[in-house]
Structures are given as C-alpha cells and as structure tokens.
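Order of appearance sets the numbers: ligands from 1, and atoms from 1 within every ligand.
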Amino acid sequence: MDGDCAWREAVVYQIYPRSFNDSDSDGIGDLRGIVERVDYLAALGVDVVWLTPVYDSPQVDNGYDIRDYRSIHDAYGTMADWTALRDALHERDIHLVMDLAVNHTSDEHEWFCRSRRGDEAYRDYYVWEPGEPDEPPNNWESLFGGSAWTYDETRAAWYLHLFDERMPDLNWRTPAVRDDVSELMNWWLERGIDGFRLDVINLLSKPAGLPDGDPAASITGAGHFVDGPRIHEYVRELRDRVFAADDVMTVGETFDVTPAEARRYVVEDGLDMVFPFEHMDIDAGGSGPWDIADWELADLKAVTERWQTAVGDGWIGLYLSNHDQPRLVSRFGDEAYRTESATMLATYLFTLRGTPFVYQGQELGMTNPRFESIDEYRDPATVLRVERAVQTGDIDAFAEIRDAVNYWSRDNARTPMQWSDAEHTGFTDGTPWIKVNANYPEVNVERESASEDSVLSYYRRLIDVRAAHPVLVHGRYEPIAPDDPNVFAYRRLADDADEQVLVALNFTDGRRDLLEIDGERQRSSRTETGGASMAAFGALEREDAELLLRNYGPTASDEPGSVALRPYEARIYRLATE
Ligand code: GLC
C-alpha cells in the first residue's frame with residue numbers, strides 16, 4: 001500500500017493469537033494455526049492483519065507483558081513460524097501490523113532486572129521513587145485496579161505500573177529508553193512488517209513531580225498520565241526515527257483521548273489514525289468498574305457525530321469490539337436478533353469515515369459467553385478486580401456481581417474462535433485455555449460459509465461495497481433526522497458532490513418506516529437538518545435511489561409509499577446526484 005492515505009481504504013482484521021487457531025493441540029492458539037487460516041482471511045477480503053503481541057512473555061496479561069521484544073513466545077511458535085505467517089499473508093496481499101507495548105515491559109525483561117539491581121546503565125529505565133515501604137509516592141491508581149505503585153525490596157524503592165504489578169512502566173524521560181524503543185521498532189520493520197498498533201501510546205509521559213490525582217476521577221491520576229506533558233514530543237520522535245515513511249501504518253491506542261488531543265496525534269504528530277474511546281463508555285455507569293448504564297441511541301449518535309468530525313483531515317480507527325471489550329452483539333445489539341443486529345452494527349461500522357477494524361469472530365456475530373464461576377475467568381484485570389472487591393469487603397461473594405462481570409469482562413472477547421461444530425469449536429484438539437462459548441454449534445465459520453444469509457456472508461458483501469464506493473471511505477458525514485430515537489441515519493457526501501450515499505439503521509426490534517420519520521419531522525420541525533432529512537428520505541421513493549446493500553432479503557412489506565425497516569434492518573442507498 002503506497003501513499004499517505006492508502007491505509008484509509010483498508011479493512012483491518014484483528015487476531016488474538018491465543019484464541020484464534022491451535023495447530024499443536026496444547027489448547028493455545030499459535031502462529032502455525034494462523035497460517036492454516038490465511039485463506040479464510042483472504043476470502044473475507046481484509047487488507048491488513050493486526051496481530052496482538054506474540055513476543056516472548058510470561059503471559060501475565062496474555063503477551064502485553066513483554067520479556068523480549070525480539071523473540072516469539074514459545075507457545076506461539078518460533079521466529080521461523082512468524083516468518084511463515086508474514087509470507088503467507090504477503091502472498092495474499094494482506095499486510096501485517098504488529099502490536100507494540102512500550103509503555104511498560106514485563107518485570108522479567110532484562111532491562112527491569114538490571115534496573116532493579118541498580119545497574120548504572122539501566123537505573124533510570126523505569127519510574128522509580130524513593131520512600132517508606134508503607135507510603136506510595138502518590139495516589140495514582142492502576143488501570144487494573146489498586147495502587148499503581150509497588151515497593152521493591154531489592155532496590156528499596158517504589159516503581160510505577162499503570163497495569164499489573166508485573167508490568168512496570170518504562171521511564172520515557174530517559175533518552176536511552178527512547179533509543180532502544182526506536183531501535184527495536186526499526187528491527188521489526190527490517191523484518192518486513194507493515195506497521196504498528198501502538199498500545200496505550202498516550203500514557204507514556206508522566207509529569208515531573210508525580211502529583212496526586214483527583215480521587216473523585218474514575219481512575220485516580222489519569223488526569224496526569226493520559227496525554228501527559230511530553231507525549232507529543234515522544235510520538236514525533238518515534239515518527240522521525242521510525243515511521244516517517246508513508247507506507248508504515250501506525251494506529252495509536254489512545255486511552256480516553258479527547259477529540260482535541262486525538263487531532264494532534266494524527267494531524268501534527270504523524271500517526272495514521274487513533275482509536276477513540278468515548279463510544280466505549282456510553283453504557284458505563286458512574287459508580288465503579290462494573291456499573292452498567294442504560295444507553296440510548298441519542299448517546300451513540302452524539303458520540304459518532306463528534307468523532308466523525310473531531311480530527312479534521314486526520315483519521316480514526318473504527319471499532320465496536322476488540323480483545324478488551326465485550327462482544328458487540330451482546331452490548332449494542334440484541335442476542336434475540338443475533339444475525340440482524342450483528343449485520344446492522346457491521347453496516348454502521350463500515351459506512352463511517354475511518355478505517356474499520358474487525359475483531360476475530362465479530363464477522364460471525366459471536367456473542368458474550370456466560371461464565372458461572374470466577375474460576376472460569378482468565379483475564380487478570382477481571383480476576384484482580386473481583387479478588388480486591390472481596391478483600392475490601394465491597395462484596396461478599398462473586399455471585400453478587402456475576403451479571404455485571406459477565407457483561408464487562410475482557411474474557412467475553414477471548415473465547416476461542418468458532419470454526420465448526422466439532423468439539424472445542426474446531427479451535428483445538430486439546431483442552432482450550434479458556435472455556436468456549438456454548439453457542440458454537442450454531443455460530444461457526446463452517447456453517448456460516450455455507451449460507452448466504454449469515455453474518456459472515458454479509459461481512460463479505462459489505463467489504464466489497466465499501467471497496468466499490470470510495471465515498472464510504474472519504475466522504476463527509478452528515479446526520480439525518482438526528483433526533484429520532486430509533487433510527488440512525490446519515491449521508492456520506494463526496495467533496496465534489498459526485499456521489500452520495502444514504503445509510504439507514506434500525507436500532508430497535510420494532511418496524512420503523514423512514515417516510516413516517518420524515519412526516520413527523522415535517523410537522524414538528526422547521527430546522528435545516530429537518531429539511532435535509534425529509535429530502536433525503538423522500539429520495540428513497542424515487543427510482544433513481546439505488547439500494548446497494550441491506551441485511552434482509554426483499555419482502556412484501558416493501559409496498560410503495562413506505563420504506564419500512566424491519567427489526568435491526570440496515571440499508572445503504574446510493575442517491576442520484578444532480
Ligand atoms: C492495552 C491492551 C490491553 C492491555 C493493556 C496493557 O489496553 O489493549 O489488552 O491489557 O494495554 O498493555
């Protein structure tokens with residue numbers, strides 16, 4: 001892919017190797033397992049694979065705790081297996097983006113071992129603070145819960161960890177840390193990778209003096225370490241030293257980023273795109289990590305509109321799920337209408353301005369599993385939080401918060417990919433490292449490949465439609481009937497007004513007639529947007545509105561004078577332009 005903007009047209013597929021495909025029956029997915037499935041990815045039509053970390057690691061956080069950036073985790077295979085995967089992807093014109101976590105390393109990384117011993121060259125590689133063992137340097141909280149500080153007896157000092165205590169934060173003020181990171185990134189580029197997904201990249205800069213955070217904030221200290229004082233300098237330095245070339249794709253994971261900061265990363269600092277987080281909060285309640293809020297379509301509309309324009313000429317990654325989030329159908333859709341809501345949400349994702357990211361299994365409409373006991377969970381963030389809640393007396397037993405944990409846990413996304421109705425989903429011949437979702441006999445690749453009406457077949461069509469209509473990639477976003485509580489509709493308009501597309505999504509399990517929405521607006525509103533929406537929906541009745549895609553087949557309810565959307569129906573129309 002050449003040129004600065006080529007990544008914008010791509011569709012990215014995220015692979016969580018541990019749960020994708022196991023080639024050697026140890027119950028853990030691996031690189032050879034992915035190689036066995038590259039034809040599946042090619043048939044789906046994706047352009048880029050983002051591989052979550054496969055580096056050598058003690059696997060405290062499934063590989064985000066890196067022990068050696070230049071070798072492969074044993075259970076995943078060898079460097080030769082990695083090379084085979086790279087080649088298999090490249091032969092099919094699929095690019096490979098590696099996930100890089102450089103906010104922290106594993107506590108077993110050689111740098112930390114030497115730093116902890118006080119080795120002169122590595123003393124300042126991590127964020128160490130002197131102090132008494134019973135008084136942490138400040139009140140910052142880890143994103144996994146509890147204090148962000150651990151006292152180390154060997155060095156007789158505190159070290160900072162924004163995640164698990166076995167994942168100490170690197171000290172980016174130290175020039176040698178920045179040298180080493182640039183070097184290892186270039187080392188991977190020399191091995192023929194096509195880009196990086198930069199893990200929590202906006203957390204690298206911690207302010208001098210490490211001031212206390214606001215205890216009322218949802219994560220104490222986040223106000224200081226999210227988009228910290230020198231962060232843009234660090235990212236620009238990486239750009240200059242590593243990814244200045246046009247054809248290196250860079251995606252920043254920017255935790256809780258504001259629109260203004262996001263714009264700086266992509267417009268000024270040279271990242272190709274960042275991931276917004278705001279839409280992942282619409283169902284989060286205000287009282288603690290397990291709180292679930294009822295969300296309304298108005299919330300999603302507001303966030304979408306903000307982020308469709310937030311970064312100006314810059315770019316965002318579009319996603320509704322990943323390895324840290326619950327499954328999108330269970331969260332924003334409706335399991336009772338699994339196929340309909342999965343395809344409707346996919347339509348939303350693929351028709352916005354940005355690059356769509358598909359997380360493994362999303363293209364099948366995979367749902368959250370239901371775990372009964374805390375022993376079934378594997379995610380350290382989930383397990384630590386629950387343990388802490390029991391220890392502090394916030395809860396007496398897991399059962400009290402089981403429903404909330406079942407809703408939020410990152411393990412929802414980490415159950416094995418569902419390949420077939422064979423035992424263990426066809427993922428492994430061994431015992432899977434985490435329980436499989438019980439619905440695999442119905443929801444699996446083999447079955448969905450054989451049906452034109454499946455979620456999987458719809459994703460293939462959607463990928464084709466997006467590729468055939470650049471306005472869906474580059475066009476301006478314009479909401480239609482923004483106040484309607486049930487239907488999410490918008491237009492995408494090419495700059496030269498050559499092409500116009502209208503998208504209408506029914507977010508409810510009821511029937512919604514678009515022309516009635518028009519009528520209501522006609523009576524109740526004289527606003528400019530009201531006028532635009534009337535004109536837009538009215539145009540659907542005319543013969544020159546071409547239906548590009550819908551997630552239902554045609555039926556008798558398509559009578560003239562009505563454009564009735566069935567439960568979770570999604571349609572994409574191409575409108576005639578003057
Ligand atoms: C990112 C990853 C997440 C990981 C964390 C720490 O948010 O997506 O899985 O736990 O960073 O590396």
Side-chain angles (χ1 to χ4, degrees), residues 12 14-20 29 50-67 69 73 97-109 112 126-127 140-146 148 150 160-170 172 181 196-204 206 218-219 221-222 225-227 231 250-257 265 271 273-281 284 289 317 319-327 357-360 362 377-385 408-415 433-434:
V12 184
Q14 183 192 349
I15 293 185
Y16 198 67
R18 202 175 178 81
S19 304
F20 192 65
W50 149 25
L51 201 58
T52 65
V54 292
Y55 317 96
D56 173 44
S57 152
Q59 301 287 315
V60 166
D61 189 20
N62 291 351
Y64 282 95
D65 50 319
I66 301 170
R67 181 166 47 202
Y69 289 94
H73 172 52
V97 162
M98 296 288 274
D99 200 326
L100 193 79
V102 287
N103 172 69
H104 45 265
T105 66
S106 158
D107 64 349
E108 294 182 22
H109 193 291
F112 188 74
Y126 294 83
V127 185
W140 292 4
E141 249 179 317
S142 146
L143 275 72
F144 285 180
T150 291
L160 179 71
H161 52 87
L162 294 185
F163 296 91
D164 190 276
E165 66 180 282
R166 288 155 294 175
M167 297 158 73
D169 277 43
L170 284 163
W172 275 71
V181 169
F196 296 99
R197 178 263 189 190
L198 299 159
D199 190 62
V200 290
I201 193 70
N202 64 333
L203 304 188
L204 304 184
K206 283 74 180 189
S218 65
I219 296 166
F225 57 72
V226 171
D227 304 315
I231 187 61
T250 49
V251 189
E253 188 205 19
T254 40
F255 177 77
D256 272 1
V257 72
Y265 290 114
L271 294 185
M273 59 189 99
V274 292
F275 288 133
F277 267 63
E278 209 185 334
H279 63 304
M280 289 287 120
D281 277 341
Y319 70 100
L320 285 172
S321 67
N322 61 37
H323 64 293
D324 294 330
Q325 300 291 340
R327 289 287 179 181
F357 283 67
V358 178
Y359 176 67
Q360 66 187 40
Q362 173 181 338
Y377 285 91
R378 298 287 174 269
D379 169 31
T382 306
V383 175
L384 283 175
R385 280 223 167 89
W408 282 118
S409 174
R410 306 197 299 178
D411 280 338
N412 282 316
R414 300 177 180 183
T415 62
W433 68 278
I434 188 171

[atom]: the protein heavy-atom neighbour that sits closest, reported with distance to 0.1 Å:
{"atom": "atom 7 (O) of ligand 1", "value": "Glu253 OE2, 2.9 Å"}
{"atom": "atom 5 (C) of ligand 1", "value": "Phe163 CE2, 3.7 Å"}
{"atom": "atom 8 (O) of ligand 1", "value": "Asp324 OD2, 2.5 Å"}
{"atom": "atom 11 (O) of ligand 1", "value": "Asp199 OD1, 2.9 Å"}

TODO: Check each heavy atom of Arg197 against ligand 1 and say whether those closer than 4.0 Å belong to the side chain, the backbone, both or neither.
DONE: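 Under 4.0 Å from ligand 1, Arg197 contributes side-chain atoms alone.
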Task: Region of Phe277 that comes within reach of ligand 1 [heavy atoms, distance under 4.0 Å] - done: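 Neither; no heavy atom under 4.0 Å.
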Task: Among Thr52, Asp61, Val200, Leu198, closest by any non-hydrogen atom to atom 10 (O) of ligand 1 - done: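 Of the listed residues, Asp61 has the closest heavy atom.
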Task: Charged N-O contact under 4.0 Å between Asp411 and Arg378 - done: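 The answer is no: the pair does not qualify as a salt bridge.
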Task: Side-chain ion pair, Asp379 and Arg414, N-O less than 4.0 Å - done: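 Counted as a salt bridge, because a side-chain N and a carboxylate O are separated by less than 4.0 Å.
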Task: For His104, atoms of ligand 1 separated by under 4.0 Å from a heavy atom - done: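 Contacts of ligand 1 toward His104, numbered from 1: 6 (C), 12 (O).
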Task: Atoms of ligand 1, numbered as shown, that sit under 4.0 Å from any heavy atom of Arg410 - done: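 Counting from 1, the qualifying ligand atoms are 3 (C), 4 (C), 9 (O), 10 (O).
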TODO: Would you check if Phe225 and Leu143 make a side-chain contact, meaning some heavy-atom pair closer than 4.5 Å?
DONE: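 When only atoms from C-beta onward are counted, Leu143 and Phe225 do touch, with a gap below 4.5 Å.
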- [ ] Answer whether the closest heavy-atom distance between the side chains of Trp172 and Val102 falls below 4.5 Å.
- [x]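 Trp172 vs Val102: side chains touch.
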Open item on the list: Once rounded to the nearest 0.5 Å, what's the spacing between atom CZ of Phe163 and atom CG of Asp65?
Closed with: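 Phe163 CZ to Asp65 CG: 12.0 Å, rounded to 0.5 Å.
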Open item on the list: Please determine whether any non-hydrogen atom of Phe255 lies less than 4.0 Å from an atom of ligand 1.
Closed with: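 Contact absent.
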Task: Residue list, ring-ring contact (aromatic ring centres under 6.0 Å, His included) with His279, at least two apart or on another chain - done: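 Scan of His279 (ring-ring contact (aromatic ring centres under 6.0 Å, His included), adjacent residues dropped) gives Tyr319.
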TODO: Could you tell me if the ring centre of Phe112 sits under 6.0 Å from that of His161?
DONE: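 That pair fails the under 6.0 Å test.
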